[in-house]
S.K.: 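Quick one: structure below, then a few questions.
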Amino acid sequence: MRDVGIDRRAFLSGVGSISVGAAAASLTACESRDDRSATGSSRTLVVRNFGGAYGEANRKAVYEPFARETGIRVKVVNFEHKQMLAQIEEGRPQFDVMDIDMSNLALFEREGASEPLDYGRLKSARNAGIAQSLLTPNGVGKSYWASVLAYRTDAFDGRKPESWADFWSLGPFPGRRALQGEVDWPELEFALLADGVPLDRLYPLDVDRAFKVLDEIKGSVRTFWEYGAEPGELLSRGSVVASSTWAGRLQNLIERGTPLAYEWNGARRQSNGYGIPKGSANPDAAYRLIDFALRPQVQAHMARLYPDGPVVPAAYGYLTESTAAHLASTPGHLLSGFDLDIDWWFENRDSVTRRWQEWARG
């Protein structure tokens with residue numbers, strides 16, 4: 001599900017080097033900013049997303065219906081973050097809207113690379129029940145995703161791990177484990193939950209305690225996965241019996257009969273969102289697209305095609321129970337999981353990531 005995590009890793013390595021100059025980048029059927037301005041093409045909007053199945057779902061659920069309603073054609077690009085920042089610094093962003101992880105939108109805001117949002121122009125966000133944490137000065141949330149516990153249903157003599165404490169319990173749940181590698185923030189929260197820290201007391205993270213708990217299962221962690229499909233591959237082959245994973249990535253395997261399941265208890269939620277780059281050539285159309293995408297019906301359509309949860313609660317009125325059961329923002333899953341604290345991770349990312357790398361490689 002989350003190609004965006006790879007984007008974050010690339011971006012974090014490039015933060016602070018915004019003046020690298022505009023890198024040559026390939027566009028997906030997209031003319032330059034100057035070309036669009038010169039031809040008066042306010043009827044074309046360029047959106048940056050991370051492509052793949054996510055991009056295809058956006059095309060069907062958002063871009064094509066938006067184009068039919070407004071007459072504004074949507075073109076898609078998939079720039080890396082370094083390229084995006086370089087274009088913005090030169091005052092020539094070749095995209096009008098950013099569809100990226102909310103933590104990266106926060107980084108763009110800190111770099112002065114995005115426009116403050118005028119929420120008066122986003123009617124669909126008004127009194128829509130969107131979480132306050134997703135209504136940031138320079139970015140608005142559009143969908144929830146989550147990291148969850150996954151396991152083989154045939155591995156534990158009929159028992160089901162129901163928490164991260166069970167993931168850490170090698171006696172009743174023996175076998176090899178996998179945890180996330182450097183593709184996203186280290187999974188310290190899961191260690192703390194396994195040690196009895198309540199969901200609402202996780203932050204600020206007790207880093208020393210988390211690493212002490214991680215030490216308890218290090219001998220059973222055989223793999224640190226680095227791409228979204230890898231946990232499913234490891235579990236399907238029986239290389240591991242339990243792993244963290246991005247929710248939704250195992251669904252096709254489960255539907256084909258592979259004995260796998262998710263546990264939503266202790267899920268770590270994050271969000272994708274929209275932002276407008278500083279110097280966007282077409283901000284009016286950008287606002288119209290963002291507003292369109294936050295309509296409950298559009299949010300529901302997107303969730304049917306791609307297993308990210310809507311940020312607008314009313315969208316669930318348009319979804320079946322079977323679809324809602326796999327989404328990170330259903331009421332039950334909201335209560336049993338937690339939101340990653342972006343501010344805490346920004347303040348501590350360097351020291352914690354360095355320590356985690358030493359632990360994982362040691």
Side-chain angles (χ1 to χ4, degrees), residues 1 146-181 183-203 205-226 228-269 325-328 330 332-338 340 356 359-362:
M1 184 186 297
S147 297
V148 298
L149 191 165
Y151 60 94
R152 287 192 64 94
T153 58
D154 59 357
F156 309 118
D157 296 326
R159 294 187 301 274
K160 299 178 181 180
E162 297 178 345
S163 66
W164 290 106
D166 288 344
F167 184 91
W168 255 258
S169 297
L170 299 174
F173 300 99
R176 291 169 292 190
R177 268 70 166 150
L179 288 171
Q180 185 177 264
V183 69
D184 200 358
W185 309 109
E187 295 173 329
L188 302 193
E189 294 93 341
F190 298 155
L192 293 171
L193 290 174
D195 203 38
V197 177
L199 288 169
D200 61 353
R201 301 285 297 277
L202 279 170
Y203 298 99
L205 299 184
D206 186 334
V207 175
D208 290 337
R209 181 176 177 180
F211 277 101
K212 184 178 179 180
V213 179
L214 282 166
D215 283 339
E216 296 174 6
I217 62 164
K218 186 172 183 180
S220 296
V221 178
R222 300 300 177 87
T223 303
F224 295 99
W225 54 271
E226 296 292 352
E230 192 173 4
E233 295 168 2
L234 294 167
L235 288 161
S236 295
R237 294 197 303 263
S239 301
V240 301
V241 295
S243 175
S244 60
T245 188
W246 292 327
R249 289 307 296 254
L250 306 185
Q251 201 57 41
N252 287 338
L253 294 170
I254 293 170
E255 290 171 0
R256 294 203 300 266
T258 309
L260 306 178
Y262 297 114
E263 173 51 57
W264 283 91
N265 185 19
R268 184 173 77 172
R269 283 188 301 274
H326 303 298
L327 303 177
T330 60
H333 294 161
L334 286 175
L335 291 173
S336 64
F338 65 95
L340 180 138
W356 184 88
W359 178 84
R361 295 167 186 168

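Throughout, numbering of the chain's residues begins at 1 and tracks the sequence.
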S.K.: Indicate yes or no: at least one non-hydrogen side-chain atom of L250 is less than 4.5 angstrom from one of T245.
M.R.: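 Heavy-atom side-chain distance check passes, below 4.5 Å.
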
S.K.: Which atoms form the tightest heavy-atom contact between L179 and S244, and what is the distance?
M.R.: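 Shortest heavy-atom contact: CA-OG, 3.6 Å.
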
S.K.: Closest heavy-atom contact between A261 and T153?
M.R.: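 Heavy atoms only, the tightest pair is CB-CG2, 3.6 Å.
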
S.K.: Find the distance between CD (E255) and CG (L260) and round it off to the nearest 0.5 Å.
M.R.: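 Here the interatomic distance stands at 12.0 Å.
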
S.K.: What are the two closest non-hydrogen atoms of V148 and W264, and how far apart are they?
M.R.: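 What the structure gives for the nearest pair is CG1-CE3, 3.8 Å.
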
S.K.: Atom CZ of R201 and atom CG of L193: how far apart are they, to the nearest 0.5 Å?
M.R.: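 R201 atom CZ to L193 atom CG measures 13.0 Å (nearest 0.5 Å).
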
S.K.: Quick one: are R269 and L340 in side-chain contact, heavy atoms under 4.5 Å?
M.R.: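 Contact flag for R269/L340 side chains = no.
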
S.K.: Step by step, would you call F167 with I217 a side chain to side chain contact (heavy atoms under 4.5 Å, CB included)?
M.R.: CA-CA 9 Å; F167 184 91; I217 62 164; 3.8 Å; yes

S.K.: Take a 6.0 Å sphere around NZ of K212 and say whether it holds more than 12 heavy atoms from other residues, nucleotides or ligands.
M.R.: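 No, not enclosed.
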
S.K.: Atom CD of E216 and atom CG of D195: how far apart are they, to the nearest 0.5 Å?
M.R.: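 Nearest 0.5 Å value for the CD-CG distance: 6.5 Å.
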
S.K.: Does anything in residues 163-179 form a side-chain hydrogen bond (donor to acceptor under 3.5 Å, both in side chains)? List the pairs, not counting sequence neighbours.
M.R.: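 Checked against side-chain hydrogen bond (donor to acceptor under 3.5 Å, both in side chains) - neighbours excluded - no pair reaches residues 163-179.
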
S.K.: Return the minimal non-hydrogen interatomic distance between L253 and S236, and the atom names on each side.
M.R.: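 Reported closest heavy-atom pair: CD1-OG, 3.5 Å.
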
S.K.: Would V240 and W225 satisfy side chain to side chain contact (heavy atoms under 4.5 Å, CB included), going step by step from the backbone distance to the final call?
M.R.: CA-CA 11 Å; V240 301; W225 54 271; over 6 Å; no

S.K.: Would you confirm whether Y151, through its side chain, and E162, through its main-chain N or O, come within 3.5 Å as a donor-acceptor pair?
M.R.: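 Absent.
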
S.K.: Do you know which two heavy atoms are closest between A267 and A146, and how far apart they sit?
M.R.: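 That closest heavy-atom pairing would be CB-CB, 4.2 Å.
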
S.K.: Do F338 and Y203 have side-chain heavy atoms sitting under 4.5 Å apart?
M.R.: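 Answer yes - side chains close enough.
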
S.K.: Can you list the steps and then say if L327 with H333 is a side chain to side chain contact (heavy atoms under 4.5 Å, CB included)?
M.R.: CA-CA 8 Å; L327 303 177; H333 294 161; 5.7 Å; no

S.K.: Does any part of the side chain of Q180, heavy atoms only, come nearer than 4.5 Å to the side chain of W185, both counted from C-beta?
M.R.: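 Of all side-chain heavy-atom pairs linking Q180 with W185, none is under 4.5 Å.
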
S.K.: Please step through side chain to side chain contact (heavy atoms under 4.5 Å, CB included) for the pair R268 and E187, ending with a clear verdict.
M.R.: CA-CA 9 Å; R268 184 173 77 172; E187 295 173 329; 4.0 Å; yes

S.K.: A side-chain contact here means heavy atoms from C-beta on lying under 4.5 Å apart; do F173 and V241 qualify?
M.R.: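 Side-chain contact under 4.5 Å: no.
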
S.K.: At what distance, to the nearest 0.5 angstrom, does CH2 of W356 lie from CZ of R361?
M.R.: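 These two atoms lie 8.0 Å from each other.
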
S.K.: As an exercise, state the distance from OG1 of T330 to CG of L334, rounded to the nearest 0.5 Å.
M.R.: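 Reported value, rounded in 0.5 Å steps: 6.5 Å.
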
S.K.: Between S239 and T223, is any pair of side-chain heavy atoms under 4.5 Å apart?
M.R.: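 S239 does not reach T223 side chain to side chain.
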
S.K.: Determine the minimum heavy-atom distance between W359 and L214, stating which atoms define it.
M.R.: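 Closest heavy-atom pair between W359 and L214: CZ2-O, 3.4 Å.
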
S.K.: Using side-chain heavy atoms (C-beta onward) and a distance below 4.5 Å, is R209 in contact with L192?
M.R.: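 Answer yes - side chains close enough.
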
